[in-house]
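Every value quoted in this text rests on a predicted model; they were computed, and no experiment measured them. Quick note: residue numbers are just sequence positions, from 1. Atoms within a ligand are numbered from 1 in the order they appear, just like the ligands themselves.
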Amino acid sequence: MANESSFQLSMPEADIALLTFDMPGKSANILSKPVLAELAQHLDSLEARDDLAGLVIISAKPNIFIAGADLREFVASMDIEPEQTAKMCGEGQSLFARLSKTPFPTVAAIDGICVGGGAELATWCDRRIMSDNPKTEIGFPEVKLGLFPGWGGTARSPRMVGLANAVEMVTGGASISAQEAFSMGLVSDIVPVDKLQSAAIRLIRQEQETGEYKIDREKWSGPVDISETELGFLGATASAVIQAQTKGHYPAPLAALEVMMAAAGADIETACKMEAEGMAQLFGSPINASLLNVFFLTDRNKKDTGVEGDVPTRDVNHVAVIGAGIMGAGIAAANVKRKVPLTLSDANGDALAKGVSNVLQEVSFNRATKSADVERAVEFAPLINGTTSDSEIAKCDVVIEAVVENFDVKRQIFARLEPLLDENAILASNTSTIPITTLAEGLARPEQFCGIHFFNPVRKMKLVEVIRGEKTNDETVATAVAYAKRLGKSPIVVNDGPGFLVNRLLFPYMNEALELVGEGVEIKHIESVAKRFGMPMGPITLYDMVGLDTALYAGRIMWEAFPNRIVASPILPALVKAGRLGQKSGQGFFDYNNRKRRGEPDPTLGQLIEPHLKKDATPLDKKDIEARLFLPMLLEATRVLESNIVRDARDVDLGLIFGIGFPPFKGGLLFWADTIGAANIMEMLKPLEHLGDRMKPTTMLEQMAAEGSKFYK
Ligand code: NAI
């Protein structure tokens with residue numbers, strides 16, 4: 001297929017050229033080097049013609065105009081010198097700029113996704129028309145990869161839609177709808193998909209008549225239309241917003257802002273040069289490499305069915321959730337939002353009523369108005385059915401249990417419900433700690449039982465662990481994975497074991513934080529080291545959020561499973577005994593009894609901790625604290641790999657990023673470890689030897705250090 005072309009040139013009318021982008025054998029159009037070369041050839045011949053009134057560029061792919069540049073080419077050129085990056089940007093800019101210099105007007109006719117390099121190509125055309133397809137959107141997501149647009153996006157867009165709009169699009173990275181694009185003047189018209197081509201041709205005729213495109217060509221090649229005062233104000237506010245959002249961990253948005261501000265007074269050619277030079281500073285940086293890894297992790301996850309080979313999945317038309325508490329209501333809402341009819345049940349009538357009301361509140365929440373939306377409530381209400389009757393549950397295809405974390409209670413529910421269900425139905429548990437294989441004992445169809453483990457808060461956390469018990473069959477796993485994806489989640493399949501994947505890796509980290517407290521390290525230092533590393537919150541705040549009683553209970557399970565590695569700190573029981581359960585009780589490690597219910601240091605905490613402090617602890621600096629927190633997590637990850645808990649090492653990284661917010665700019669735990677190297681990690685572990693087994697290098701790490709190998713091949 002390699003010699004087939006990606007563009008077809010046709011003449012829908014005698015003087016109109018139509019370039020249809022349709023990469024052979026691919027579901028999406030991507031801008032790769034061969035594609036750009038082909039575009040250049042077409043432009044060579046089109047520019048030379050004198051019989052044309054205009055050029056329309058359109059895509060033959062449904063729902064996709066252009067999905068951006070070929071990121072595999074990016075990865076392959078990570079090591080190039082900045083000068084070469086700048087040169088490559090310059091080449092792309094010059095190629096696309098030809099679309100604004102042709103002897104006739106050019107129009108991008110956009111249906112579906114138009115992002116990254118695709119948005120740049122479209123922006124270099126004289127005009128854009130979009131379809132009214134809800135999937136149609138345009139945007140510059142480059143900052144999400146630690147970059148900014150480098151083919152003229154930062155230079156062309158402010159001249160076309162104003163600096164404020166362009167800065168928002170480029171530094172925020174979010175796509176905008178056709179309607180938003182129309183409002184800011186980025187597109188000339190919105191039409192039904194089947195009218196896209198004819199509307200584009202009509203626009204060309206109109207432009208030929210008025211000659212307006214020529215005026216715009218002139219205008220858009222000069223400086224941005226903005227006063228010095230406006231420029232100063234915009235720079236200051238945008239920079240404050242970006243600093244607050246990136247917390248200094250992601251340099252690309254600020255770099256984009258700086259380039260756009262500095263180039264505002266220049267002509268387009270100088271602006272392009274500045275863009276290329278700025279982009280060269282970002283391309284190939286460690287953060288760029290990490291974020292590209294996250295992109296590939298996510299992309300792989302989208303395609304992963306959770307099983308090997310072609311396994312059929314069952315239809316999921318109706319789901320039941322048992323237990324209407326925090327998790328049950330969250331899972332129910334996730335279903336309703338995706339239009340999956342949902343039956344919610346609870347043994348306690350008040351809890352059920354509260355659960356249903358929480359679901360309705362969540363699904364009808366309108367982000368724009370920050371309040372419940374009546375229309376949405378009316379639309380979603382028929383999809384949720386609160387009941388205490390088992391007969392309603394009996395007709396469901398998937399039943400997810402989310403009742404209290406108590407083995408006997410869960411087992412009784414399964415014993416009661418399983419005989420009522422259709423023989424193809426899947427029974428699942430949202431348990432965070434109880435082994436799936438143990439829960440399945442006594443079931444008539446253990447092969448149709450698995451863990452479907454959501455994370456708290458369900459609306460925010462994308463991760464779902466699909467846990468395979470010893471007897472769970474492939475069809476059940478594949479159906480659970482497809483179902484979780486339908487809810488918009490990123491499921492990973494893990495084998496059964498204490499804490500499954502994410503909690504198993506989280507515990508050594510949280511446990512170590514408590515050990516540090518016991519050694520007299522100030523809580524604020526532990527928190528700041530974790531946050532500086534990039535964690536969304538410190539481990540001590542996380543304790544308060546999870547609930548100290550829950551953490552104690554789950555910690556005990558981990559301790560029973562791995563007694564040589566998990567230290568049972570006396571601090572947690574002391575706080576629980578004092579009634580300090582975390583955010584929910586108003587006090588944990590921090591105090592929440594203030595107007596904003598924000599965690600504030602509590603001077604009385606010291607008295608509770610004091611009796612448990614170790615007397616002869618060595619003082620630790622920030623580097624020591626970072627090693628103490630994150631190396632146990634990494635060592636546990638190697639044990640997880642040794643015992644085949646995950647199917648692929650990449651699932652460890654995806655699980656931690658989507659499950660606990662491990663910093664994406666580090667690319668994942670194992671990706672980060674690769675940047676340090678196994679041999680260096682062994683060195684870092686040496687001074688921690690006295691802490692015992694939990695800091696002992698694993699066989700895998702020793703082997704990797706000896707071979708000089710990495711987690712990512
Ligand atoms: P919760 O305490 O908020 O809700 C549990 C609900 O189950 C209550 O409404 C209770 O009335 C109901 N219930 C108790 N016995 C029942 C029975 N026999 N039949 C029907 N309903 C019954 O608990 P939460 O936090 O929602 O946890 C539920 C499950 O999810 C647990 O297995 C927990 O380990 C797991 N989980 C919890 C997470 C969290 O952060 N809270 C995260 C991931 C999993």
Side-chain angles (χ1 to χ4, degrees), residues 320-334 343-359 362 386-390 392-393 396 399-418 420 427-436 438-439 449-467 484 487 489 491-492 494 498-507 510 537 541-558 581-585 588 655 658-661:
V321 175
I322 319 297
I326 304 177
M327 293 306 289
I331 300 166
T343 295
L344 186 62
S345 161
D346 199 292
N348 176 323
D350 291 343
L352 178 60
K354 193 165 162 236
V356 172
S357 143
N358 284 344
V359 172
E362 188 185 327
T387 182
T388 48
S389 130
D390 285 352
E392 297 284 326
I393 300 162
C396 292
V399 177
I400 304 172
E401 166 280 311
V403 306
V404 281
E405 190 74 341
N406 178 308
F407 178 74
D408 293 326
V409 176
K410 289 182 193 285
R411 279 286 290 271
Q412 276 165 24
I413 290 176
F414 299 139
R416 192 184 84 222
L417 293 180
E418 194 196 30
L420 307 177
L427 199 52
S429 175
N430 184 51
T431 177
S432 30
T433 51
I434 309 174
I436 292 304
T438 323
L439 279 176
F449 182 78
C450 67
I452 303 186
H453 182 210
F454 290 81
F455 287 73
N456 188 11
V458 180
R459 77 172 178 283
K460 263 203 194 153
M461 307 309 284
K462 277 179 76 80
L463 187 70
V464 168
E465 288 178 336
V466 171
I467 302 132
L487 301 188
K489 300 292 177 193
I492 55 175
V494 303
F500 312 123
L501 172 67
V502 170
N503 286 340
R504 175 157 171 193
L505 300 187
L506 187 61
F507 263 97
M510 292 184 68
M537 66 180 80
T541 305
L542 188 57
Y543 269 111
D544 276 357
M545 202 182 101
V546 169
L548 303 197
D549 50 343
T550 310
L552 182 61
Y553 171 79
R556 198 168 288 145
I557 292 186
M558 297 307 283
L581 306 184
Q583 283 176 8
K584 60 183 168 190
S585 71
F658 284 157
I660 62 164

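- Rounded to the nearest 0.5 Å, atoms CE (M327) and CZ (F454) are 7.5 Å apart.
- With respect to atom 27 (O) of ligand 1, the closest heavy atom belonging to the protein is M327 CG, 4.0 Å.
- Of all the heavy atoms of I413, the ones lying under 4.0 Å from any atom of ligand 1 belong exclusively to the side chain.
- One finds the CD atom of E401 at 11.5 Å from the CD1 atom of I393 (value rounded to the nearest 0.5 Å).
- Between T431 and ligand 1, no pair of N/O atoms sits closer than 3.5 Å.
- Looking at atom 32 (O) of ligand 1, its nearest protein heavy atom turns out to be E405 OE1, 2.5 Å.
- In this structure, S429 OG and I322 CD1 are separated by 11.0 Å, a value rounded to the nearest 0.5 Å.
- A347 N, 3.1 Å is the protein heavy atom nearest to atom 20 (C) of ligand 1.
- In terms of N/O distances under 3.5 Å, ligand 1 is approached by S432.
- Under a cut-off of 6.0 angstrom, the local environment of NZ in K354 is sparse, with at most 12 non-hydrogen atoms contributed by other residues, nucleotides or ligands.
- Protein heavy atom nearest atom 3 (O) of ligand 1, with residue, atom name and distance: I326 N, 3.0 Å.
- For atom 23 (O) of ligand 1, no protein non-hydrogen atom is found at a distance below 4.0 Å.
- Contact annotation for V409 and ligand 1: only side-chain heavy atoms (C-beta onward) come within less than 4.0 Å of the ligand.
- In this structure the side chain of D549 reaches within 4.5 angstrom of the side chain of K584, judged on heavy atoms.
- Residue K410 places at least one N or O, backbone or side chain, under 3.5 Å from an N or O of ligand 1.
- Comparing V546, V404, N406, N503 against atom 5 (C) of ligand 1, the shortest heavy-atom distance belongs to V404.
- Here CG of L463 is found 10.0 Å from CD1 of I660. Values are rounded to the nearest 0.5 Å.
- Side-chain atoms of E465 come within 3.5 Å of backbone atoms of V502 as a donor-acceptor pair (strictly under, hydrogens ignored).
- Between G323 and ligand 1, a contact under 3.5 Å exists for no N or O pair.
- Applying the 6.0 Å contact sphere to CZ of R556 captures no more than 12 heavy atoms from other residues, nucleotides or ligands.
- Considering only non-hydrogen protein atoms, atom 39 (C) of ligand 1 sits nearest to N456 ND2, 3.7 Å.
- Each of L439, T438, N406 was checked for a side-chain contact (heavy atoms from CB on, under 4.5 Å) with T431, and the lone residue meeting it is L439.
- Here the straight-line distance linking atom CG of L581 with atom CG of L552 works out to 10.0 Å at 0.5 Å rounding.
- Heavy-atom separations between F455 and ligand 1 are all 4.0 Å or longer.
- Atom OG in S432 sits 6.0 Å away from atom CG in N503 (nearest 0.5 Å).
- The nearest protein atom to atom 6 (C) of ligand 1, hydrogens excluded, is given as D346 OD2, 3.7 Å; this is a heavy-atom distance.
- Heavy atoms of A351 found under 4.0 angstrom from ligand 1 belong exclusively to the side chain.
- In terms of protein heavy-atom proximity, atom 29 (C) of ligand 1 is nearest to V403 O, 3.2 Å.
- Nearest protein heavy-atom neighbour of atom 4 (O) of ligand 1: G325 CA, 3.2 Å.
- Close N/O approach between N348 and ligand 1 is not found [any backbone or side-chain N/O within under 3.5 Å].
- Residue contact check for ligand 1: Q412 places no non-hydrogen atom closer than 4.0 Å to it.
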